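As structure tokens, the structure follows; a few thoughts come after it.
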Amino acid sequence: MNNAVRLENLNFDYGKDFSLSIKELSLNKGEMALISGGSGSGKSTLLWLIAGLLRAKSGSITVAGQRMDGASESAADRIRARHIGMVFQTHHLLPEFSAQDNVALALMAAGEPEKTHAARARELLNKLGIERVNVPVANLSVGQQQRVAVARAIVCKPAIVLADEPTASLDDVNASQAMDLIQQACREAGAALLCASHDRAMQSRFERVIQVDSFVRTERSQAHSGARA
Ligand code: ADP
Ligand code: MG
């Protein structure tokens, strides 16, 4: 099983206004790909489908060899906790909790042995440049909070990290540093990376660029393909 994630014959829609249709899409273990497309093109929808947070109408989604489609909500939660790391535009950390506890919670959700949580969280945070692991994350800088969010995403050594516009709220210098950090952390954890961004400048960072528009079926695109046929 060489795929971190594999989608087959996937169909999803939000009523008649927007639909995605993917015949086949897979990422190898450790592969890094950018999902590119303008605002509203379906990038987040695709990531949420893979994470099991949205359900497709038909087709299969396999993450680290486990079927996400058809999984019960609790089974999907378990697959997500064990095999998927998520990074967002805003970090979604628990502000009152320390960096160490935010990261340890991910280990707890994944069912890792409890007595290893504190040390594993601390070690990874130190490696990512966070020394003050016991202060509430609300007291850390935005850049530090983002490092904590990256630590939380990779601490369980997921098969894949899903990053949704992870740099959209940062200036160019910080965005570049944040992407370096995410890509380096994924490389070291052996995780594949699927990163969604509307920023074309991101394309040069990735060995593979997936245009989400190619999966979108609008009345206009159907009319076009009809005209071509
Ligand atoms: P992106 O992340 O590329 O900006 P999204 O995946 O968020 O795009 O959205 C794709 C399309 O689906 C957009 O047209 C958006 O308006 C629509 N959409 C997103 N979420 C919902 C929803 N919960 N209900 C209906 N339509 C939605
Ligand atoms: Mg989005």
Side-chain angles (χ1 to χ4, degrees), residues 1-7 25-35 46-53 61-69 71 74-88 91-94 97-131 133-134 137 144-164 166-167 177-196 205-208:
M1 212 284 305
N2 212 30
N3 293 324
V5 59
R6 182 174 173 83
L7 315 185
L25 174 65
S26 47
L27 244 74
N28 290 331
K29 284 183 178 165
E31 190 178 13
M32 299 201 181
L34 180 72
I35 303 175
L46 177 55
L47 294 184
W48 282 55
L49 282 163
I50 294 170
L53 296 164
I61 301 176
T62 310
V63 177
Q66 317 254 329
R67 286 287 288 267
M68 188 58 107
D69 60 281
S74 63
D77 287 347
R78 213 158 38 238
I79 296 170
R80 192 180 318 113
R82 292 220 176 120
H83 302 295
I84 298 178
M86 298 188 79
V87 180
F88 305 89
H91 50 66
H92 296 291
L93 296 168
L94 298 172
F97 282 58
S98 69
Q100 182 174 308
D101 288 345
N102 267 280
V103 175
L105 278 172
L107 290 166
M108 187 170 86
E112 298 281 326
E114 193 178 342
K115 60 178 188 294
T116 67
H117 294 177
R120 278 179 70 181
R122 201 166 48 237
E123 195 179 313
L124 179 59
L125 284 162
N126 289 166
K127 205 165 120 197
L128 294 179
I130 305 292
E131 300 296 335
V133 299
N134 288 313
V137 290
Q144 289 171 324
Q145 290 178 7
Q146 209 176 30
R147 286 171 180 267
V148 178
V150 173
R152 180 187 53 184
I154 61 160
V155 71
C156 297
K157 299 211 176 285
I160 187 163
V161 170
L162 304 176
D164 196 359
T167 62
Q177 284 175 357
M179 278 313 297
D180 287 346
L181 177 74
I182 290 169
Q183 291 188 300
Q184 180 66 23
C186 285
R187 224 170 270 127
E188 283 179 17
L193 172 64
L194 198 51
C195 176
R205 286 185 163 271
F206 287 85
E207 63 208 34
R208 180 171 171 203

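Positions are given from 1 along the sequence. The structure presented is a predicted model; accordingly, all values stated were derived computationally and were not measured. Hydrogens, waters and symmetry mates play no part in the numbers below; they use all other heavy atoms, side chains included.
The structure places CG of Leu53 at 8.0 Å from CD1 of Ile84, a figure rounded to the nearest 0.5 Å. To the nearest 0.5 Å, the span separating CZ on Arg120 from CD on Glu112 amounts to 4.5 Å. Between the CG atom in Leu27 and the CZ atom in Arg6 there is a gap of 11.5 Å [rounded to 0.5 Å]. With values rounded to the nearest 0.5 angstrom, Ile50 atom CD1 is found 5.0 Å from Leu7 atom CG. A distance of 10.0 Å separates CD1 of Ile160 from CE of Met86, quoted to the nearest 0.5 Å. Here the OG1-CZ distance, from Thr167 to Arg205, works out to 8.5 Å after rounding to the nearest 0.5 Å.
Counting all heavy atoms, side chain and backbone alike, Pro158 lies closest to Ala153 at CG-O, 3.4 Å. A pairwise comparison of heavy atoms in Glu188 and Lys157 identifies O-NZ, 4.4 Å as the closest pair. A pairwise comparison of heavy atoms in Gln100 and Ala118 identifies NE2-CB, 3.4 Å as the closest pair. When every heavy atom of Gly52 is checked against every heavy atom of Ala76, the shortest pair comes out as O-CB, 4.5 Å. Minimum interatomic distance between Ala104 and Ala121 (heavy atoms only, all atoms of both residues): N-CB, 4.0 Å. Nearest heavy-atom pair, Asp69 versus Ile61, reported as atom, atom and distance to 0.1 Å: OD1-N, 2.7 Å.
Remark: the backbone N or O of Ala196 is not paired with any side-chain donor or acceptor of Asp164 at under 3.5 angstrom. Within the 3.5 Å criterion, the main-chain N or O of Val133 finds no donor-acceptor partner in the side chain of Arg122. Checked by atom type and distance alone, the side chain of Arg152 never pairs as donor or acceptor with a backbone atom of Asn102 at under 3.5 Å.
The residue from Val137, Leu105, Val148 that alone fulfils the side-chain contact (heavy atoms from CB on, under 4.5 Å) condition with Phe97 is Leu105.
Within a 6.0 Å sphere centred on CD of Glu207, other residues, nucleotides and ligands contribute more than 12 heavy atoms.
Side-chain N/O atoms of Arg147 and Gln144 include no donor and acceptor closer than 3.5 Å.
Contact annotation: the side chain of Asn3 never approaches that of Thr62 to less than 4.5 Å [non-hydrogen atoms, C-beta and beyond]. Taking 4.5 Å as the limit, every side-chain heavy atom of Cys195 sits out of range of all side-chain heavy atoms of Met32. Residues Glu123 and Lys127 have side chains not in contact (no heavy-atom distance under 4.5 Å, counting atoms from C-beta outward).
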